[in-house]
Amino acid sequence: MSQHKVKRRTILDLQQMKTQGEKISVLTAYDYPLARLMDQAGIDVILVGDSVGSVVAGYDTTLPVTMEEMLYHTRAVVRAAQQALIVADMPFLSYQIDLVEARRNAGQLIKEGGAHAVKLEGGVHVAETIRSIVNMDIPVVGHIGLTPQSVHRMGGYRIQGRAKAQAEQLLADARAVADAGAFAMVLEGIPADLAKEITETVAIPTIGIGAGVDCDGQVLVIHDILGLCEKYSPKFVKRYADISGTISDGISTYINEVKDGVFPADEHSF
Ligand code: KIV
């Protein structure tokens with residue numbers, strides 16, 4: 001009997017989706033169980049984001065995340081996902097020092113992590129780095145606007161591109177990222193009309209987060225949409241489930257049953 005093999009999404013599929021006006025669905029994942037569930041649900045792209053630092057490790061920013069941590073989480077997601085395209089984030093300091101380090105680290109995420117593409121933050125200033133990685137045949141996703149690794153330069157997680165000069169800079173960033181050979185770009189925390197203009201300007205798909213409905217696709221952090229991250233909830237997050245309540249109830253019941261000697265029952269014993 002022949003086994004049905006699932007066809008994995010490719011960067012060509014994403015380009016075609018933009019051309020045909022089909023929206024691209026993207027979620028972050030950092031572990032096997034959640035990556036498996038979203039893959040089975042039919043997500044187009046899984047991003048192993050450096051947001052792992054905030055939502056899993058409990059840091060205030062993404063800056064402390066290391067290559068080792070990204071490799072660990074990327075491997076877990078890769079083992080789980082059969083049909084989604086998997087993009088791994090390049091963490092802070094893995095691509096900013098020089099092109100050699102950037103190329104080596106991007107290569108590691110593909111070779112040792114098993115990702116299909118990498119993502120890095122920045123516009124005009126990282127265009128040369130994007131080009132250099134693309135020249136190794138590694139697909140790259142750009143990320144412009146509110147770039148979390150620039151939190152200190154931005155003075156916090158603030159919407160970018162409201163002023164005319166900033167909007168013009170973001171348009172230049174978008175063109176630079178596309179011209180450098182990125183196959184897609186994340187637009188984060190920018191006004192919806194600017195995201196629309198960028199989406200109509202560049203030929204590659206735009207993936208929005210806090211960037212309005214006119215982007216070619218949308219990405220959100222899985223912990224945010226499941227209600228697993230109570231630290232803060234930005235305006236652009238929509239909560240699709242409240243998993244925290246379910247988990248807390250389960251844990252409380254377990255504690256009570258252990259205390260009361262109700263668990264383990266006969267059926268859990270040998
Ligand atoms: O790290 C991340 O999860 C991201 C998305 C929010 C786009 O970069």
Side-chain angles (χ1 to χ4, degrees), residues 14 23-31 34-35 38 43-67 69-74 76-77 81 84-96 105-106 109 113 115 117-123 126 130 140-151 154 156-160 170 173-174 177 182-190 195 198-199 204-212 215-226 228-229 231-239:
L14 301 193
K23 297 280 189 183
I24 300 164
S25 60
V26 186
L27 277 171
T28 67
Y30 322 99
D31 60 37
L34 284 176
M38 65 181 74
I43 196 79
D44 294 311
V45 179
I46 298 180
L47 170 65
V48 189
D50 61 355
S51 50
V52 68
S54 313
V55 298
V56 175
Y59 295 124
D60 285 337
T61 71
T62 57
L63 298 174
V65 177
T66 65
M67 271 298 294
E69 288 163 344
M70 288 309 302
L71 283 167
Y72 172 83
H73 290 285
T74 301
V77 168
L85 182 85
I86 298 166
V87 179
D89 248 342
M90 298 195 69
F92 181 62
L93 272 200
S94 70
Y95 59 94
Q96 290 91 344
N105 286 325
L109 288 165
V118 299
K119 175 168 84 60
L120 53 94
E121 296 181 9
V126 296
I130 293 175
V140 174
V141 178
H143 183 162
I144 63 170
L146 192 173
T147 44
Q149 292 177 17
S150 317
V151 57
M154 295 182 300
Y157 299 106
R158 309 160 73 91
I159 300 300
Q160 303 292 299
L170 280 173
D173 285 334
V177 166
F183 74 89
M185 76 179 81
V186 169
L187 305 180
E188 178 164 357
I190 67 175
I198 291 175
T199 300
I204 61 175
T206 60
I207 311 294
I209 172 164
C215 298
D216 299 306
Q218 297 292 328
V219 57
L220 282 175
V221 169
I222 185 67
H223 288 59
D224 288 339
I225 73 161
L226 296 183
L228 267 171
C229 194
K231 247 189 187 169
Y232 70 105
S233 186
K235 174 182 156 92
F236 58 75
V237 168
K238 180 168 176 185
R239 204 170 262 200

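Order of appearance sets the numbers: ligands from 1, and atoms from 1 within every ligand.
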- The closest protein heavy-atom partner of atom 3 (O) of ligand 1 is S51 OG, 2.5 Å
- Could you list which atoms of ligand 1 come closer than 4.0 Å to a heavy atom of H143? 7 (C), 8 (O)
- Item | Sub-4.0 Å atoms of ligand 1 with respect to non-hydrogen atoms of D50 | 1 (O)
- Message: Below a 4.0 angstrom heavy-atom separation, can you tell me which part of D89, side chain or backbone, both or neither, approaches ligand 1?
- Response: side chain
- Message: In terms of relative ring orientation, are Y30 and H73 parallel, tilted or perpendicular, with 30° and 60° separating the classes?
- Response: perpendicular
- What distance do D44 atom CG and L85 atom CG have between them, rounded to the nearest 0.5 Å? 9.5 Å
- Query: Sequence neighbours excluded, which residues qualify as salt bridge (charged side-chain N to carboxylate O under 4.0 Å, His left out) partners of D216?
  - Reply: K18
- Per-residue contact class, T28 against ligand 1 - non-hydrogen pairs under 4.0 Å: side chain
- Note on the structure: ligand 1 to K119, heavy atom cutoff 4.0 Å, flagged ligand atoms 4 (C), 8 (O)
- Heavy-atom proximity to atom 7 (C) of ligand 1 ranks first, among L47, L187, V141, V65, for L47
- Query: Which atoms from ligand 1 have a heavy atom of G49 less than 4.0 Å away?
  - Reply: 1 (O), 2 (C), 3 (O)
- Message: Evaluate Y30 for polar contact with ligand 1, using N/O atom pairs at a separation under 3.5 Å.
- Response: no
- Query: Quick one: does V52's side chain get under 4.5 Å of M70's, heavy atoms only?
  - Reply: yes
- Message: If we ignore hydrogens and angles and just use 3.5 Å, is the side chain of K23 paired with the main-chain N or O of C215 as donor and acceptor?
- Response: yes
- Message: Between ligand 1 and E121, can you find any atom pair, the residue atom being a heavy atom, that is separated by under 4.0 Å?
- Response: no
- Task: Between I209 and ligand 1, find which residue part has any heavy-atom pair under 4.0 Å and reply side chain, backbone, both or neither.
- Result: side chain
- May I ask you to decide if E121's main-chain N or O and Y95's side chain share a donor-acceptor pair within less than 3.5 Å? yes
- Task: First locate atom CG of L220, then atom CG of L47, and finally report the distance between them rounded to the nearest 0.5 Å.
- Result: 11.5 Å
- Query: Taking the side chain from T28 and the backbone from I222, do they hold a donor-acceptor pair closer than 3.5 Å?
  - Reply: yes
